[in-house]
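Following: one structure in structure tokens, then a few remarks.
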Amino acid sequence: MTADGKTASIQAPVELTLTSQMPAEKETDNGQYDADAIAREIANGVDIEDGQPNPFVFLLTILVSFSGFLFGYDTGYVSGALVAIGTDLGREITSSDKEFITSATSLGALLGGIIAGTLADVLGRKWVTIGANTLFVVGAALQTGAHTVWTMIGGRFIMGWGVGIASLIAPLYISEMAPSRFRGRLVILNVLAITGGQVIAYAIGAGLEGLQNGWRLLVGLGIIPAVAQMIMFIYMPETPRYLVRRGQIEKARHVVRWIYSSRNVEVDEEVVVKKVKLLEIYNNDQHPEWSGYNRFKYALKQLYFVPGHFRALVVACGLQGIQQLCGFNSLMYFSATIFQVVGFNKPTAVSLIVAGTNMAFTILAFLLIDIVGRRRILLCTVWGMSAALVLNAIAFHFLPPNATQSDPWAIVILIAMMLYVAFYAAGIGNVPWQQSELFPMHVRGLGTSMATATNWGGNLIIGSTFLTMMNRITPSGTFGFYASLCLLGEVFVYFCYPETSCLTLEDIQGVLKDGFNIKRSNQMSQEAKIKHRASTRVVVSDSEV
């Protein structure tokens, strides 16, 4: 608040004409405006990113995170359902049936993830989200009424398409809507919703344990949030970067104005114009006359043959591969089965403890990711996953046959799994879903599709081989193998993953342009944090006048 009682506003720091009167030195040889020149002018004063965002951005993020909730709920309910189904599908289900049932969703998600980015570029983030909800509803309905193993598998396959599409679209939508210094935390809200869905599914599964056909009710309840999101999302805005890509500049300005307006700050119109102009230069469609096939071919060529874009792909796919090949989802899919083997009387209830640990440490990641940074969090947690898996392997080696839940080694296994989940949730469980921030707009859909497909491809491998590996190479060998993959993941993060916290999506493109630039990214991130802290103090001082 200013001294005269008027509401403070984010003012444009310098005069900058964004029309044909742009100074010649800000134009490139092909007549395009130099984005870096505009960015430097904006940086000379108060940037729009330094203000407080509209509180409704957080509410919108929660609504988008329904997709994450459904993802987590699916992961959570299948663990308890595999134990509770019994002969409800016409016969006793075997280990192979369990692997087919779990991996059917992974296969569908893999296929959905492959096409989701292209669909999002063509149809928009908003309408693809609504389509994913439709697949959730159809898949859940088929599973709820299933009386054969193959009907159950079919329902999970259809739901898998929805899971794969939503797992890409939700973090993509949030990344493009969020102010840069809140982006990490807002994307983690979606991951937090995943863990919340797992906890709720485990809790309901534990409550329905022993009830005839209780697993059908457990599956059917997933229809409710899917329908709710599908209806409410009809009224939600598209992201400003997508609108700019489609040439809808006025709508983009309206959304930017809405994102950065708050109770105490009115965004100056000139600052809004500058922000959208910057988005135009980085995100505009240079070939609006191209067909969908030509766009795809161009994006594919850009993604693999432009060094900066390919580095982004390596980082995104590498992190998603680590997230899955570390074996975490095998624990979530088969945790009740594992604890049943170990000797616990109520395996689904014990699984709830593990899911609760996952959620608690995801909240910790939410609080720290934009403060500590993505890279540092991973370096501090991936090694811990490996150590916990080694402890798990040792405990399984000494666990006697026909053990009970009172056996000391059974307790060690539970503790080791909780440690493993804690390290996972604080780091690699969250950071890979920041994948959208790595790619420029014209390859973002395809790049995130490739990364999401890597995630679900790894998920498919883990889900379809875990029980077989447990039988063939023993639980100790299985968890030891996952531990070695975690160590490889630590090495990958150290050498290849730059720091991106507090950087704008456009800044990150520059970081990867001529290398992975670990040191430079750390410096840029620190400078951005210092700048944001300084501007926050200015805003607080103005409000106290």
Side-chain angles (χ1 to χ4, degrees), residues 70 73-111 135-163 198 201-223 329-352 401-403 405 456 459-475 478:
L70 291 165
Y73 190 82
D74 167 76
T75 305
Y77 82 67
V78 72
S79 177
L82 291 176
V83 175
I85 284 174
T87 58
D88 290 347
L89 297 180
R91 58 179 171 81
E92 193 75 34
I93 59 174
T94 64
S95 293
S96 296
D97 291 332
K98 291 180 179 181
E99 287 182 337
F100 274 122
I101 289 171
T102 54
S103 59
T105 296
S106 301
L107 177 59
L110 170 61
L111 298 174
L135 294 169
F136 271 119
V137 172
V138 173
L142 279 175
Q143 291 172 73
T144 302
H147 290 281
T148 67
V149 171
W150 285 105
T151 304
M152 184 73 175
I153 291 172
R156 285 189 58 77
F157 178 70
I158 293 172
M159 177 179 278
W161 280 81
V163 169
Q198 291 167 347
Y202 280 126
I204 296 174
L208 296 176
E209 198 170 5
L211 179 67
Q212 181 68 28
N213 284 318
W215 66 270
R216 297 185 188 276
L217 177 60
L218 177 64
V219 176
L221 288 173
I223 295 175
N329 273 336
S330 64
L331 175 61
M332 301 311 293
Y333 287 141
F334 301 111
S335 58
T337 302
I338 294 170
F339 290 128
Q340 189 178 52
V341 171
V342 170
F344 287 95
N345 294 331
K346 291 187 176 295
T348 303
V350 177
S351 298
L352 180 58
N402 302 317
Q405 62 186 28
W456 287 107
N459 191 305
L460 176 61
I461 293 170
I462 294 298
S464 60
T465 61
F466 177 71
L467 294 181
T468 301
M469 289 177 66
M470 292 273 284
N471 291 330
R472 297 286 178 85
I473 65 172
T474 74
T478 301

Step by step, work out the side chain to side chain contact (heavy atoms under 4.5 Å, CB included) result for Val149 and Arg91. CA-CA 8 Å; Val149 171; Arg91 58 179 171 81; 3.7 Å; yes

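For Ser103, the side chain to side chain contact (heavy atoms under 4.5 Å, CB included) criterion is met by Leu460, Ser464, not counting sequence neighbours. Residues passing the side chain to side chain donor-acceptor pair (under 3.5 Å) test with Trp215 are Asp88, sequence neighbours excluded. Qualifying side chain to side chain donor-acceptor pair (under 3.5 Å) partners for Ser96, counting only residues two or more places apart in sequence or in other chains: none. Applying the side chain to side chain donor-acceptor pair (under 3.5 Å) criterion to Thr148, with sequence neighbours excluded, gives Thr151. Annotation: side chain to side chain donor-acceptor pair (under 3.5 Å) contacts of Thr468 (sequence neighbours excluded): Glu99. For Leu217, the side chain to side chain contact (heavy atoms under 4.5 Å, CB included) test picks out Leu208, Leu221, with sequence neighbours left out.
Looking only at side-chain heavy atoms (C-beta outward), Asp97 and Glu92 stay at 4.5 Å or farther from each other.
Looking at every heavy atom in both residues, Trp456 comes nearest to Ala109 through CD2-CB, 3.1 Å. Across every non-hydrogen atom of Arg216 and Thr144, the tightest pair is NH1-O, 2.9 Å. Nearest heavy-atom pair across Ala140 and Ile223 is CB-CG1, 3.6 Å. Closest heavy-atom contact between Met152 and Ile85: CE-CD1, 4.4 Å. Closest approach of Ile93 to Leu82, counting heavy atoms only: CD1-O, 3.7 Å.
Taking OG1 of Thr102 as the reference point, atom CG of Asp74 lies at 10.0 Å (rounded to 0.5 Å). Taking CH2 of Trp161 as the start and CG of Leu110 as the end, the distance is 9.0 Å to the nearest 0.5 Å.
Without hydrogens or angle criteria, Arg156 side chain to Ala104 main chain gives no donor-acceptor distance under 3.5 Å.
For the side chain to side chain contact (heavy atoms under 4.5 Å, CB included) criterion with Tyr73, the lone passing option out of Val163, Val78, Leu218 is Leu218.
Atom CZ of Phe157 sits in a crowded spot, with more than 12 heavy atoms from other residues, nucleotides or ligands closer than 6.0 Å.
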